[in-house]
Amino acid sequence: MQKWEYLFVDANMYPFGNKLISLYVNGEEMRDWKQGSLHLFVNQLGEEGWELVALRHESKYDQNCLIFKRAKVVKKTRNTKESQAHKN
């Protein structure tokens, strides 16, 4: 069964342009994001395999909430007699 992992991004923008005032990822402030552009940040997430699945924009405060997901890598362990023997 496919499993997913999610990333929640809160981005506050200046009223004009694409510059960020603040950027939070899963509740943690990303102070080291030097480029300052939401467009560049979203493209970086895309390069890392994240897909934008939802967006909520609050125009009164120019706030954006973006939700990303990507397939979760699940490490499978082999449950064989040989691997059990190594554990004992």
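Put simply, CG on D10 and CG on L66 are 8.5 Å apart, with the number rounded to the nearest 0.5 Å. Rounding to the nearest 0.5 angstrom, the gap separating the CG atom in L38 from the NZ atom in K19 is 11.5 Å. A distance of 9.5 Å separates CG of L40 from CG of L20, quoted to the nearest 0.5 Å. Note: M13 CE to H57 NE2 = 9.0 Å, rounded to the nearest 0.5 Å.
At distances below 3.5 Å, at least one donor-acceptor pair connects side-chain atoms of N26 with backbone N or O atoms of F8.
When the salt bridge (Lys or Arg N to Asp or Glu O under 4.0 Å) test is applied to E51, no partner is found at least two apart in sequence or on another chain. In this structure, the side-chain contact (heavy atoms from CB on, under 4.5 Å) partners of E48, at least two apart in sequence or on a different chain, are Q44, L45, W50, R70.
Applying the 6.0 Å contact sphere to CD of E58 captures more than 12 heavy atoms from other residues, nucleotides or ligands.
Nearest heavy atom pair, residue I67 against residue Y6, reads CG2-CD2, 4.4 Å. Minimum interatomic distance between Q2 and A71 (heavy atoms only, all atoms of both residues): NE2-CB, 3.2 Å.
Contact check for L55 versus N64: side-chain heavy atoms found under the 4.5 Å cut-off.
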Can you check side-chain contact (heavy atoms from CB on, under 4.5 Å) on F41 and L23, steps first, answer last?
-> CA-CA 10 Å; F41 185 73; L23 181 67; 3.8 Å; yes

Given the rule in the side-chain contact (heavy atoms from CB on, under 4.5 Å) test, do V9 and Y24 qualify, once you have shown the distances and angles that lead to the verdict?
-> CA-CA 6 Å; V9 176; Y24 290 83; over 6 Å; no

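The pair R31-E29 meets the salt-bridge criterion, with a side-chain N (NZ, NE, NH1 or NH2) lying under 4.0 Å from an Asp/Glu carboxylate O.
Figure legend: cation-pi geometry between K72 and W4 absent, as NZ or CZ is not positioned both under 6.0 Å from the six-membered ring centre and within 45° of its axis.
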